[in-house]
Amino acid sequence: MMIAIMRRAIAVTINGKRHSNEVEPRLLLIHYLRDVLGLTGPHIGCETSICGACTVLVNGKAIKSCTMFAVQANGADVLTIEGLASDGNLHPIQNAFWEEHGAQCGYCTPGMIMASKQLLDRNASPTEEEIRHGLEGNLCRCTGYQHIVNAVKSAAAKMGA
Amino acid sequence: MASVITEQEKLIGKGIKRKEDPRLITGTATYVDDMQLPGMHHACIVRSPYAAANIKSIDIKAALETPGVVAVYTGAAVKDVGPVPCGASLPGLRVPHHHILAQDRVYFVGHPVAVVVATDRYIARDGADLVEVDYDVLPAVADPEKALADGAPAVHPQWPDNVAFNFHQENGEVEKVFAEAEVVVKQRITSQRLIPSSMETRAVLAEYRSGEKALTIYSSSQIPHLLRTLVAGMLGVPEHKLRVVVPEVGGGFGSKLNVYAEEALMGWIAMKTGKPVKWIESRRENFLTTIHGRGHVDYYEIAAKKDGTITGIRLKLIQDLGAYHQLLTPAIPTLSVLMMPGLYRCQTICADIVGVFTNCVPTDAYRGAGRPEATHGIERMVDMLAAELKMDAAELRLKNFIQPGEFPFASATGLTYDSGDYAKPLKKALDIVNYMGLREQQRKARAEGRWMGIGMSTYGEICAFGPSPATPAGGWESASVRIEPSGKITVHTGVSPHGQGEETTFSQIVADELGVDFNDVVVLHGDTAIVQYGIGTFGSRGTAVGGTALYFALQELKAKIKRFGAMLLDTDSVVYEEGRCACRKTGNSVSLAEIAGASYRAMKLPPGTEPGMMATYFWEPPNFTFPFGAHIVVTEVDKETGVVTIQRYVAVDDCGKILNPLIVAGQVHGGVAQGIGQSLYEHGIYDDNGQLLTGEFMDYAIPKITMMPWIESEHTETPSPVNPLGVKGVGEAGTIGCSPAVVNSVVDALSPLGVRHLDMPLSPEKIWKVLQGGQA
Ligand code: FES
Ligand code: FES
């Protein structure tokens with residue numbers, strides 16, 4: 001009863017580098033990133049688009065990459081946590097998560113940071129309420145979120161300065 | 001850039017940013033699912049959709065024919081693998097044989113029935129979908145009180161009463177105290193089933209090297225060494241041929257303080273197939289098959305004098321165990337009994353536990369493990385007593401506290417509380433919120449028709465598990481410190497941190513003790529091939545027990561450093577300070593790196609001294625530690641919707657000496673978040689057929705960032721005399737202190753309606769119903 005699954009050719013720019021692969025149509029973007037390309041920064045916490053651990057930026061927008069097929073990312077520009085630091089310098093959001101102890105087990109962290117990036121791209125100086133609203137799609141079981149709020153505030157201050 | 005830390009600065013007590021973080025914030029940490037081994041297969045487990053059923057047949061043909069499926073195994077293949085172990089022992093405990101795959105019957109929804117091994121994770125799932133299991137469905141029971149009723153379905157047919165054990169403990173003249181009590185308050189209180197929900201689910205990767213007959217299991221665990229001992233036993237692999245590696249772990253909260261069927265199963269498959277095999281638990285499996293927490297129905301009675309003096313506490317505790325005993329399942333409620341008098345002087349207690357089998361996933365240790373339930377019980381009862389006596393809740397607590405001069409204090413349950421000043425955090429919290437002012441505000445709010453509540457809890461904990469005689473597998477901890485020939489320092493710790501930040505706090509300890517640069521220290525853990533035997537991370541023990549082992553290892557090492565220093569300086573009187581040994585007389589000195597180098601070159605050795613610079617210490621704690629604190633919560637209940645809003649959350653925790661305030665704050669916040677989850681949102685619900693209704697994050701509400709209030713976290717610092725660091729532990733404090741404070745606050749808010757108790761979670765629906773009834 002098994003039908004041979006047709007593979008599709010895709011080309012995706014990830015962290016500034018172009019990747020061409022043949023993938024099954026059902027392959028989720030998160031599995032493409034992690035298993036095919038070895039970009040294991042984005043994590044899987046639910047596979048049902050609730051936890052946000054898999055968040056990456058697709059054409060500048062925060063996307064839960066377990067919600068999207070790799071074939072849907074054909075031609076897209078994807079930024080993962082691995083591509084955030086440049087020339088060995090941490091992005092100010094990464095630095096702020098470090099300074100403010102925004103990570104404990106670290107599992108939610110890459111997704112949190114990418115969602116924070118979208119938040120700050122859209123709103124350079126968010127209020128606490130706006131930060132909470134902007135990160136509502138990302139679950140963290142360790143931190144109680146308070147240090148994450150602090151980290152985003154501090155990153156906003158540094159990036160605005 | 002990390003701030004450069006000079007040798008002279010003392011680091012203990014400072015909010016140093018964590019060493020762990022650079023890899024976590026760049027996505028370069030390695031969790032189990034991040035690993036790929038050559039030729040690796042993927043496993044997917046077929047699980048029972050029924051809570052109780054006989055397995056009539058299993059058809060694996062279609063699955064096996066799927067291209068890419070390598071093997072399918074059912075219970076018959078693994079029937080000789082040893083059972084999933086229970087480490088707890090209680091007199092008369094009934095222990096069902098817990099096979100790693102179901103044999104002829106399933107006992108809970110999610111029970112593993114078969115496993116499909118394939119070349120790809122998608123194909124493994126395809127294969128699992130094609131395994132046909134024919135079940136004969138049996139009646140199930142999912143509620144522990146119903147399971148105790150006459151005629152209830154038997155979870156295990158050989159034990160028709162569903163009772164796994166009874167446990168009794170008492171102290172003092174219980175009957176007399178209750179007969180003579182001026183007031184007795186009674187209440188049934190539940191602590192609902194909770195789902196730990198670490199963001200990383202369980203994950204196992206196993207690899208077998210047939211040439212060396214060596215098995216390696218990578219697992220997301222809190223207890224690498226215990227896992228190795230126990231899985232080696234299950235598989236019949238010599239312990240020294242099994243290596244357990246715990247890479248980065250995405251949270252545990254007690255749920256990974258366990259040995260699971262899948263850990264042994266993957267080891268077995270790796271040996272059977274000769275290929276590495278990986279199993280990553282799906283979120284749904286995590287909810288169905290990783291242990292749950294709590295699951296109490298408690299019947300409390302508290303006896304007191306009219307002046308508020310508590311004279312007796314009586315508890316009947318019904319523990320929902322689930323279908324099997326996982327590692328510590330039956331032991332958890334006994335911790336509730338130990339903690340039942342809380343911070344109060346009362347010496348008369350009586351507790352009866354009945355441990356009940358249900359057709360549900362087992363309960364076991366979840367953040368706080370037995371102590372949140374106990375604290376919730378006593379702190380609710382004290383509030384109800386205050387209401388009954390028309391006394392202020394704070395005043396009643398202050399009246400009954402054990403006093404600072406009474407330590408070490410022998411508790412009614414046989415513990416020796418180490419140190420404490422219980423009034424201190426309560427008074428501090430009352431000051432912070434301006435308690436009198438708040439009560440005034442509350443009067444005004446009520447006059448305006450708003451339901452505002454003020455609630456508190458004053459909690460105690462048993463932490464730093466623990467003296468070995470009181471723990472099933474040893475309660476000591478180990479550390480080794482090696483100064484390399486270059487002077488760099490490698491620490492091996494037996495604890496297994498997974499978010500608690502001990503790579504940082506332990507480096508702080510080393511930096512201060514040896515006067516070295518924080519950045520010259522590396523802390524390694526979680527690999528049984530490189531770290532000496534250790535117990536692991538749970539029960540707020542990492543720093544209090546593991547850190548203390550490190551401290552003592554460092555003292556031994558310092559003695560050796562001085563012997564080498566004296567030899568090199570040709571003197572008999574040296575001091576060791578700020579990373580150098582100096583001769584008291586001449587002032588000449590040598591650096592630690594010079595000393596370490598000399599110890600390895602060993603051209604000359606001090607008398608009776610071995611070459612090299614390493615010390616290992618196994619520390620046996622003489623007692624538990626007993627952190628404490630006070631939480632005050634201000635709430636408002638929306639009259640229309642029943643929604644509870646936390647307007648203020650003040651936590652004053654005393655976890656002994658604080659090594660790193662940033663990390664301690666993080667632990668408090670995270671603990672409180674899980675407490676708020678229990679208080680307001682979370683409930684693992686099984687229906688009468690044993691189906692888990694809350695099987696995904698859609699249905700099981702862990703707090704989101706928008707659901708958390710700002711936590712005002714403060715401390716008092718009462719050092720523990722149990723260890724030289726003076727630390728007590730903080731991992732569970734937030735969770736333990738939280739739930740009674742929240743519920744007391746909401747009950748206080750609704751007390752004008754005659755509400756005297758509410759069971760968690762305080763969902764809008766539940767409160768709304770109360771409001772309808774109350775206003776009717
Ligand atoms: S894994 Fe994608 S949202 Fe949870
Ligand atoms: S840091 Fe562990 S889940 Fe967020």
Side-chain angles (χ1 to χ4, degrees), chain A residues 1-2 4 24 26-27 31 34-35 38-48 50-51 53 80-85 90-91 93-95 97-110 113 128-129 131-149, chain B residues 15 17-18 20-31 33-34 36 62 65-67 121-122 126 196-201 248-253 280 282-284 498-501 662-663 665-674 676 696-698 702-706 708 710-711 734:
Chain A
M1 67 150 282
M2 291 306 296
E24 277 186 41
R26 66 175 176 171
L27 184 71
H31 288 135
R34 291 177 49 81
D35 294 352
L39 292 167
T40 55
H43 297 140
I44 299 171
C46 68
E47 274 184 0
T48 50
I50 295 168
C51 75
T80 74
I81 186 75
E82 287 94 337
L84 198 55
L90 293 178
H91 187 280
I93 302 174
Q94 290 172 310
N95 241 324
F97 269 72
W98 192 8
E99 299 278 350
E100 301 293 336
H101 184 22
Q104 287 186 28
C105 79
Y107 202 76
C108 70
T109 309
I113 290 177
E128 183 188 331
E129 208 185 323
I131 293 170
R132 290 185 187 266
H133 179 71
L135 297 180
E136 200 186 1
N138 291 67
L139 297 177
C140 173
R141 191 58 157 167
C142 296
T143 63
Y145 304 103
Q146 195 151 315
H147 284 165
I148 293 176
V149 171
Chain B
K17 62 184 191 177
R18 301 193 322 167
E20 292 83 347
D21 290 5
R23 60 182 190 260
L24 303 178
I25 57 179
T26 53
T28 49
T30 306
Y31 301 82
D33 196 20
D34 300 341
Q36 302 205 31
E65 284 168 359
T66 306
R121 69 171 94 214
Y122 285 60
D126 290 341
S197 311
S198 56
M199 292 314 297
E200 183 205 25
T201 56
E248 209 76 60
V249 171
F253 316 112
I280 303 299
S282 71
R283 179 55 62 186
R284 187 160 180 80
H498 44 283
Q500 297 85 350
L662 199 57
I663 289 177
Q667 291 294 312
V668 170
H669 298 161
V672 168
Q674 291 184 11
I676 287 177
E696 289 281 0
F697 280 133
M698 285 295 273
I702 71 168
K704 293 182 178 185
I705 193 168
T706 44
M708 280 299 296
W710 192 259
I711 299 157

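For chain B, the nearby parts of A:L27 are the backbone and the side chain; heavy atoms of each come within less than 4.5 Å. Of the two parts of B:I663, the backbone and the side chain both hold a non-hydrogen atom closer than 4.5 Å to a non-hydrogen atom of chain A. Residue A:I50 touches chain B through its side chain alone, counting heavy-atom pairs closer than 4.5 Å. Using a 4.5 Å cut-off between heavy atoms, A:H133 contacts chain B through its backbone alone, with no side-chain atom that close. Interface residue B:Q36: only side-chain heavy atoms are found under 4.5 Å from chain A. Heavy atoms of B:S197 lying under 4.5 Å from chain A belong to its backbone as well as its side chain. Proximity to chain B is limited to the side chain of A:E47, based on heavy atoms less than 4.5 angstrom apart. Looking at A:E129, there are no atoms closer than 4.5 Å to chain B (heavy atoms on both sides), in backbone or side chain. There is no contact between B:A62 and chain A, counting heavy-atom distances below 4.5 Å. With a threshold of 4.5 angstrom between heavy atoms, A:I113 approaches chain B through side-chain atoms but not through N, CA, C or O. Residue contact with chain A, scored on non-hydrogen atoms closer than 4.5 Å, involves the backbone and the side chain of B:Y122 alike.
When each of B:Q674, B:R23, B:H498 is scored by its heavy-atom pairs under 4.5 Å with chain A, the top score falls to B:Q674. Taking chain A as the reference chain and counting heavy-atom pairs below 4.5 Å, the highest number among B:T28, B:L662, B:V249, B:I705 is found for B:I705. Residue with the most contacts toward chain B among A:C140, A:G41, A:G137, A:G106: A:G106 (heavy-atom pairs, distance under 4.5 Å). Heavy-atom pairs under 4.5 Å with chain B were tallied for A:L135, A:L139, A:I93; the largest tally goes to A:L139.
Side chain of A:Q146 to backbone of B:H669: no donor-acceptor contact under 3.5 angstrom is found. Of the possible polar contacts, one joining the A:Y145 side chain to the B:P703 backbone as a donor-acceptor pair under 3.5 Å is found. In this structure a side-chain-to-backbone donor-acceptor pair under 3.5 Å is present from B:R283 to A:G45. Using modelled atom types, no side-chain atom of A:E136 and backbone atom of B:K704 make a donor-acceptor pair closer than 3.5 Å. A donor-acceptor pair is defined here as one N or O able to donate and one able to accept, closer than 3.5 Å; no such pair exists between the side chain of B:R121 and the backbone of A:D35. A donor-acceptor pair is defined here as one N or O able to donate and one able to accept, closer than 3.5 Å; no such pair exists between the side chain of A:R141 and the backbone of B:S198.
When every heavy atom of B:G250 is checked against every heavy atom of A:Y107, the shortest pair comes out as CA-CB, 3.8 Å. Minimum heavy-atom separation, A:C51 to B:M199: CB-CE, 3.4 Å. Residues B:T26 and A:I81 come closest through the heavy atom pair C-CG1, 3.8 Å. A:C105 and B:G251 make their closest contact through CB-N, 3.4 Å (heavy atoms, listed as atom of the first residue, atom of the second, distance). Heavy-atom minimum distance, B:G27 versus A:P110: CA-CG, 4.4 Å.
We find the OG1-CD distance between A:T40 and B:E248 to be 11.0 Å, quoted to the nearest 0.5 Å. Rounded to the nearest 0.5 Å, atoms CZ (A:F97) and CD1 (B:I25) are 9.5 Å apart.
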Original post:
Between A:V149 and B:W710, is a side-chain contact (heavy atoms from CB on, under 4.5 Å) present by the stated rule, with each step listed?
Top reply: CA-CA 10 Å; A:V149 171; B:W710 192 259; 4.3 Å; yes

**OP:** Test side-chain contact (heavy atoms from CB on, under 4.5 Å) on B:Q667 and A:Q104 and set out the steps.
**Re:** CA-CA 9 Å; B:Q667 291 294 312; A:Q104 287 186 28; 3.5 Å; yes

Original post:
What do the steps show when you test B:D34 against A:H43 for side-chain contact (heavy atoms from CB on, under 4.5 Å), and what is the final call?
Top reply: CA-CA 9 Å; B:D34 300 341; A:H43 297 140; 4.3 Å; yes

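Residues passing the salt bridge (charged side-chain N to carboxylate O under 4.0 Å, His left out) test with B:E696: none are found, sequence neighbours excluded.
The shortest side-chain heavy-atom distance between A:T48 and B:M698 does not fall under the 4.5 Å cut-off.
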